[in-house]
Amino acid sequence: MEYSFIDIEQKWQKSWKDNGTYSVSNDSDKPPFYVLDMFPYPSGAGLHVGHPLGYIASDIFSRYKRLKGYNVLHPMGFDSFGLPAEQYALETGQHPADTTEKNIATFKRQLDKIGFCYDWDREVRTSDPDYYKWTQWIFLKLFNSWFDHDLKKARPMETLIERFEKEGADLTLKHTPSIFTAKQWAEFSKAEQADVLMHYRLAFSAYGEVNWCEALGTVLANDEVVNGVSERGGHPVVKKKMRQWYLRITDYADRLLDGLHTVEFSESMKEMQRNWIGKSEGAELDFKVHSELTSNNSTEAEPKNITVYTTRPDTIFGVDFLVLAPEHEMVQQLTTADQQEAVATYLSYVKSRSDRERMADTKHITGCFTGAYAVHPFTENKVPIWIAEYVLSGYGTGAIMAVPCGDQRDFLFASHFNIPITNIIGHHFTGNEAHPSKEAVLENSGFLTGMIMRDALPVAIDKMVEMGIGKRKVNYKMRDAGFSRQRYWGEPFPVKWLDGVATAQDENQLPLTLPHVEKYGPGPEGEGPLANIASWKEQQYETSTMPGYAGSSWYFLRYMDPKNSNAFCDRKASDYWGQVSVYIGGTEHAVGHLLYSRMWTKVLHDLDLIGFDEPFRRLVNQGMIQGSSRFVYRIKGTQTFVSYGLIKNYETDKLHVDVNIVNGLELDTSAFKKWKPDFASAEFILEEDGKYICGSEVEKMSKSKFNTVNPDDLVLKYGADTFRMYEMFLGPLDQSKPWDTKGIEGVHRFLRKLWRLFYDEVNGKIWSEETPSAAELKVLHKTIKKIDADTEHFYFNTAISAFMVCVNELSDLKCYKKVVLEQLLVILAPYAPHITEELWHALGHEISVLDVTFPVFEEKYLTEQTKDYPVSINGKTRTNILIDLNAEQSEVEALVLSNEVVQKWMEGKTPKKIIFVKGKMVNVVV
RNA sequence: GCCCAGGUGGCGGAAUUGGUAGACGCAGCAGACUCAAAAUCUGCCAUUCGCAAGGAUGUGCUGGUUCGAUUCCAGUCCUGGGCACCA
C-alpha cells in the first residue's frame with residue numbers, strides 16, 4: 001500500500017474541520033497554555049515559504065503542549081490595516097477593504113493547506129469595525145489617562161484634574177508647562193486647561209517633524225523615501241512640522257526596563273530593547289552665552305542660557321566648544337550678523353538630510369559656527385558655539401558640550417575645523433584620536449585635578465548643583481511614539497477638534513467607522529484623505545488615522561474573547577488565559593511592536609482592566625527565510641545575455657531572473673525566452689561547457705526580486721507533512737537562512753520510510769503485536785527523550801534528525817511492533833499530523849492522535865555498561881579503548897598505559913599527568 | 001555610524017556543560033534489483049601525502065587562556081536584521 005499523501009491530508013483536514021478538533025474552550029479543567037504567532041499583514045503577493053516558518057514552529061509546539069495535557073489556545077488573525085493596501089488603492093482605485101478581503105481569503109486558503117491547528121472561530125482582523133471599535137476604545141483610555149510618577153502608574157485624568165483643583169501644580173509634577181495654584185487653575189479658560197491637560201495625556205497631540213513631499217502634497221513614510229527623494233516620482237523630501245498624535249511611552253521607560261526581568265526573551269532581544277530605551281544617567285548643565293552677543297543682537301534683551309545634556313560632567317574642563325542641533329530653538333537668536341548667511345546655507349542643507357544619513361555618514365564632517373560664544377562656568381574661557389548635524393534635536397536637550405580629547409566624534413569635529421583641543425587626561429591623549437575612558441586621572445581640571453574620572457563624576461555634579469548651574473538628569477534615547485498618519489487605511493481617531501480643543505467622543509458612539517472616500521490622495525495642507533470628505537470636516541473630526549501598530553498592540557487579548565460586543569476582552573477570559581505563554585515571531589519586531597504592546601498591556605493593567613502587566617511570558621524568535629536571487633547579465637542596449645563567468649568582458653546590466661527557471665545556477669534558456677515577451681528573441685553568450693550560469697545573491701524574499709517560492713506548489717508535490725518537516729529541518733529556528741528547495745526530497749523519503757514500517761508493498765499491513773526487544777526499546781526511548789527535550793526548546797531541526805535516525809534504526813532492526821510504532825506516532829504527531837493520524841487510526845485507535853498522552857521516557861532502557869573512551873596523547877586523539885563505565889581513575893590509567901597505540905605515541909617517556917573525565921575521555925600528557 | 005545576530009565539507013547543518021569536529025539530510029560517485037525506468041537497498045564521500053597501514057592539516061582571520069578550544073577571552077574582516085511613518 002502506497003503512502004498517498006494527497007488523499008490522507010485531504011481526508012484528515014476535512015475530518016478535523018467537521019469534528020471541530022481545533023476549537024478551544026475558555027472553560028476547561030486542563031491548565032491553559034497560550035501559543036501565539038505574530039499575525040501577518042495580508043499582502044497581495046500571498047504567502048511565500050518564509051511566512052510559515054514561525055507558524056509551523058508554533059503549530060508543532062501547540063500540538064506538543066496539547067499532548068502534554070494542556071488546554072491550548074492557538075489562534076490566528078490578520079493585521080489588515082496598512083500602507084501597502086492604500087498604495088495599491090492609489091494606483092488601481094480598488095478599495096483597500098476589497099483587496100484586503102481578497103488577500104485574507106488567499107492567506108487562509110494557503111495556511112489551511114499546511115494543516116495548522118488554528119481555531120478559526122477566534123480569528124481577528126484589525127480592519128474590522130467590530131475589532132477597531134475596541135482599538136478606538138483603548139485609545140480613549142489612553143487619552144483619558146495620565147502617568148502618576150509618584151505611584152508609577154497610569155490613572156484616569158479626573159484624578160489629575162482633582163489635584164489641580166485642590167493644589168494646582170508645582171515643579172515636582174513632571175510635564176507641567178507652568179506652575180499654577182488651584183485658584184489660577186479655576187481661572188484658566190477651557191482652552192488653557194485643555195492645553196495643560198494635553199501635557200499629561202498618555203495619548204496626546206503635539207507638533208512634530210514629518211517627511212514632507214511638496215510635489216506629492218503628502219507626508220511620506222521613511223520606507224517611501226529613498227536617498228532623500230520620494231520613491232514615487234523621485235521628488236525632493238524635506239522635514240516639516242505638523243500636528244501629530246503621540247503615545248507617552250517615555251513615561252513607561254523605567255517599567256519597560258524593569259519588566260524585562262520578568263520575561264523569558266533572549267538576552268539579545270532584551271539588550272536591543274534596553275538600547276532602544278537608552279537610559280543614561282548624567283547631568284544637565286547651563287552655559288551662559290557670552291555678553292558680546294548682546295551687543296551684536298541688541299534686540300534680544302537677555303541672553304538665555306544654553307542647557308546641554310552630558311553623561312560625562314567629569315570632563316567639564318575639557319570642553320572646547322558647544323554644539324547645538326541645527327533645529328535647536330536658539331540657533332537664530334545666537335547667530336551673529338556675519339554668520340547669518342553661512343548658517344542659513346547650512347540649515348537648508350541639513351533639512352534635506354534624514355536622521356539616518358546624519359548618523360551614518362560620519363566620514364563627511366559638517367557643521368557651522370554661529371559666531372556666538374558661551375562662557376565656561378569654571379574657567380570663564382570663551383567657548384565657541386557651533387551647530388552640526390551629528391547632534392540630534394530629539395535627544396537630551398539638543399545641545400552638547402564637546403570634549404575632543406575624550407569623545408571621538410568631538411575629536412574629529414575639532415580636527416576638521418581646527419578648533420584647539422584641551423587635554424585633561426595627560427599621556428592618555430595622543431593627539432591622534434580621542435581616548436574615551438572613565439579610568440584616567442584628570443589633569444588640568446581645576447578642582448577635579450588628580451581624581452580618577454569615575455570618582456570625579458559625582459563631585460563635578462555636586463559642584464554644579466551647588467552653584468545652581470546644573471542638575472542630575474536621567475535621560476532616555478526613546479522618544480514618545482508618533483501615533484498618527486496622514487493616511488486613509490487605518491483606524492479613525494474618535495476625536496473632534498472643537499474650537500481648537502481635541503475632544504474625545506463618547507465611548508457609546510464607537511466604532512467611529514472609516515467613511516468611504518472617492519480618492520485616496522492626500523487632503524489639503526498635507527492632511528490625510530479623510531480631509532477630502534466634506535461631512536467629515538464639517539463634524540470637525542480628526543483627519544489623520546492611527547498607525548499600523550495600533551491594532552497589533554492588543555490583538556493577543558482579543559483572541560481570548562473575540563466575539564464580545566460589550567468589552568474588548570472579558571476580565572474572566574483574560575484571567576483564565578493570562579499572559580501569552582509563548583510568542584513566536586521575527587526579530588524585526590524587536591523594538592517597535594514589542595515595546596508598544598508591552599506599554600499598552602501596562603496601561604490596561606494600571607487601569608485594572610487586565611490582571612497582568614507583561615503580555616508575553618516567553619518570546620521565541622524565528623530567523624528570516626531569505627530569498628536566493630538569480631541574475632542574468634544583458635549587454636547594454638541589446639538582447640544578448642552573457643553568462644556570469646564572462647561578464648568582465650562586456651558592459652552589462654544585471655537583471656533579476658525568476659529562480660523557478662534556474663536549476664542551481666544554470667539558466668533554462670528556453671524557459672527564459674518564454675518567461676517574458678521581451679526576452680523571446682534573447683541570445684546567449686555561454687560558458688565553454690555550453691551552459692548559461694547565473695549570478696546569485698541572498699536577499700529579502702520578495703515578488704519584485706523574483707526569488708519567491710510558493711508553499712502551495714511544494715504541498716501539492718510532496719504533501720503538507722513533508723513541507724512542514726522540511727521547513728523545520730532547514731536549520732535552527734532562530735537562524736536566518738536562504739531558501740533552497742533542493743533538500744526536500746530527503747524529508748519526503750523519511751516519511752515514506754516511516755510508512756514502510758507499517759505497510760509492505762506485497763503484504764500490506766505488516767505490524768505485529770509482538771513484544772519488543774531491549775534494542776528496540778532502547779531506540780524508542782532514546783528518541784522519546786531527545787524529541788521531548790528538543791521540542792520543548794524549539795530545536796526542531798535536531799528533533800527531525802532524531803526521527804530519521806530512529807526510523808533508520810527501526811528499519812535496520814526490522815521492528816514492526818505495534819507497541820513501539822504507536823509511541824513513535826504520538827511523538828511525531830506534532831510534526832507530521834496527517835500521516836500520523838492516518839497510521840494511528842490504521843493501528844485500530846478510535847480517538848485522534850491529538851488527544852492522547854505524550855509517552856514518558858524511561859531511563860532503564862538506556863543504561864550502558866561500558867564506554868568506548870577516546871584516548872588522546874597531548875590532546876590529540878590516537879585511539880579508542882573500551883572501558884567499564886564504573887572504572888575508577890587508577891584502573892583506567894593501567895588499562896590505557898598498557899595499550900599498544902598509547903605506548904607507541906609515548907615513545908618510552910613517562911606520563912606527566914593523566915586526565916580522566918568519567919564518561920567522556922582520557923588524555924595522557926607526556 | 002550605532003545596536004543585535006551569524007561565519008564549520010560541494011550545499012543545509014550537528015557537536016545543547018571546554019572533552020572523538022562533520023550526526024542527519026541534499027548533491028555526487030560506485031554497485032545491487034529491473035528488459036528499462038522509477039522506487040528501493042548496499043558502500044564511498046573535509047583537504048592533503050601514501051599502494052596500504054598510517055600521517056599532516058582543518059570550524060572567517062590574528063593572537064591569548066587551557067592537559068585539551070567550533071565552544072572561553074582580546075582584536076579584526078565579512079554577511080544578515082533593526083535604527084522610530086513598511087509590517
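Each chain gets a letter, A, B and so on, in the order the sequences are listed, and its residues count up from 1.
- Within the nucleic acid shown, A/Asn923 comes within 4.0 Å of at least one base atom, counting heavy atoms only.
- Considering only side-chain atoms of A/Lys867, the nucleotide from B/rU57, B/rC4, B/rU20 that sits closest is B/rU20.
- Using the Watson-Crick or G-U wobble rule with both distances under 3.5 Å, B/rU70 pairs with nothing in any strand shown.
- Counting any heavy atom pair closer than 4.0 Å across all strands shown, A/Asn621 reaches no nucleic acid atom.
- For B/rG75, the paired base is B/rC61 (Watson-Crick or G-U wobble, both distances below 3.5 Å).
- A/Gly592 comes within 4.0 angstrom of no nucleic acid atom, judged by non-hydrogen atoms across all strands.
- Residue pairs meeting the salt bridge (Lys or Arg N to Asp or Glu O under 4.0 Å) criterion with at least one partner in residues 242-252 of chain A, sequence neighbours excluded, are absent.
- For A/Tyr759 and A/Tyr3, the ring centers are positioned 6.0 Å apart or more.
- Spacing between B/rG13 and B/rG60 at atom P, rounded to whole Å, works out to 14 Å.
- Between A/Arg487 and A/Glu224 there is a salt bridge, since at least one side-chain N of the basic residue sits less than 4.0 Å from a carboxylate O of the acidic one.
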Please write out each protein N/O paired with an N/O of nucleotides 63-65 of chain B under 3.5 Å, distance rounded to 0.1 Å.
none

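- Using a 4.0 Å heavy-atom cutoff across all strands shown, A/Glu224 reaches no nucleic acid atom at all.
- For A/Val219, the side-chain atoms get nearest to B/rC85 when compared with the rest of B/rG25, B/rC85, B/rC86.
- A/Ser280 and A/Asn475 share no donor-acceptor pair across their side chains, judged by distance under 3.5 Å alone.
- Taking every side-chain heavy atom of A/Ser801 into account, B/rA23 is the closest of B/rA23, B/rC86, B/rG80.
- Two rings, from A/Phe411 and A/Phe413, have their centers 6.0 Å or more apart.
- Side-chain proximity of A/Asp790 to B/rU16, B/rC4, B/rG68: nearest is B/rU16.
- Atom CE of A/Met921 and atom C1' of B/rU66 are 12 Å apart (whole Å).
- At distances below 3.5 Å, not a single donor-acceptor pair connects side-chain atoms of A/Glu86 with backbone N or O atoms of A/Gly490.
- Side-chain rings of A/Phe750 and A/Phe729 stay apart, their centers remaining 6.0 Å or farther from each other.
- Ranking B/rA87, B/rC85, B/rG25 by closeness to the A/Leu83 side chain, first place goes to B/rA87.
- Near RNA chain B, defined here as any heavy-atom distance below 4.0 Å, the residues from residues 272-279 of chain A are A/Met272, A/Asn275, A/Trp276, listed numerically.
- Between A/Asn808 and B/rA23, a side-chain N or O to OP1/OP2 separation shorter than 4.0 Å is absent.
- Between the P atoms of B/rG6 and B/rC73, the separation comes to 12 Å (whole Å).
- Applying the salt bridge (charged side-chain N to carboxylate O under 4.0 Å, His left out) test to A/Arg125 and every residue at least two apart in sequence or in another chain returns A/Glu101, A/Glu123.
- For B/rC85, neither phosphate oxygen OP1 nor OP2 lies less than 4.0 angstrom from any side-chain nitrogen or oxygen of A/Arg479.
- Here the separation of B/rU71 from B/rA14, taken at their C1' atoms, is 14 Å to the nearest Å.
- A/Asn621 places no side-chain N or O within donor-acceptor distance of the main-chain N or O of A/Asp734, the cut-off being under 3.5 Å.
- No option in A/Phe107, A/Trp739, A/Tyr41 other than A/Phe107 meets the ring pair (Phe, Tyr, Trp, His ring centres under 6.0 Å) test with A/His51.
- The nucleotide whose nearest atom lies closest to any side-chain atom of A/Thr877 is, among B/rC67, B/rU20, B/rA14, B/rU20.
- With hydrogens and angles ignored, a donor-acceptor pair closer than 3.5 Å exists between the side chain of A/Lys786 and the base of B/rU16.
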Side-chain donor-acceptor pairs of residues 549-556 of chain A under 3.5 Å, sequence neighbours excluded:
| from | atom 1 | to | atom 2 | distance (Å) |
| --- | --- | --- | --- | --- |
| A/Tyr549 | OH | A/Gly482 | O | 2.8 |
| A/Ser552 | OG | A/Tyr549 | O | 3.3 |
| A/Ser553 | OG | A/Tyr549 | O | 2.6 |
| A/Trp554 | NE1 | A/Tyr131 | OH | 3.3 |
| A/Trp554 | NE1 | A/Thr135 | OG1 | 3.0 |
| A/Tyr555 | OH | A/Asp37 | O | 3.2 |
| A/Tyr555 | OH | A/Phe39 | N | 3.4 |
| A/Tyr555 | OH | A/Tyr583 | OH | 2.6 |

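- Between B/rG81 and B/rC26, the two P atoms lie 30 Å apart (nearest whole Å).
- Nucleotides B/rG28 and B/rU34, compared at atom C1', are 23 Å apart to the nearest Å.
- Within residues 742-753 of chain A, the residues having any heavy atom closer than 4.0 Å to RNA chain B are, in order of number, A/Lys742, A/Gly743, A/Gly746, A/Arg749, A/Arg752, A/Lys753.
- Taking CZ from A/Arg630 and SG from A/Cys694, the interatomic distance works out to 7.5 Å, rounded to the nearest 0.5 Å.
- Among the atoms of the strands shown, base atoms are found under 4.0 Å from some heavy atom of A/Glu588.
- Remark: C1' of B/rA14 and CZ of A/Phe729 are 10 Å apart, rounded to the nearest angstrom.
- Both distances falling under 3.5 Å, in either a Watson-Crick or a G-U wobble arrangement, place B/rG1 opposite B/rC83.
- Note on A/Ile915: a base of the nucleic acid sits closer than 4.0 angstrom, heavy atoms only.
- Using Watson-Crick or G-U wobble geometry with both donor-acceptor distances under 3.5 Å, B/rG50 finds no partner in any strand shown.
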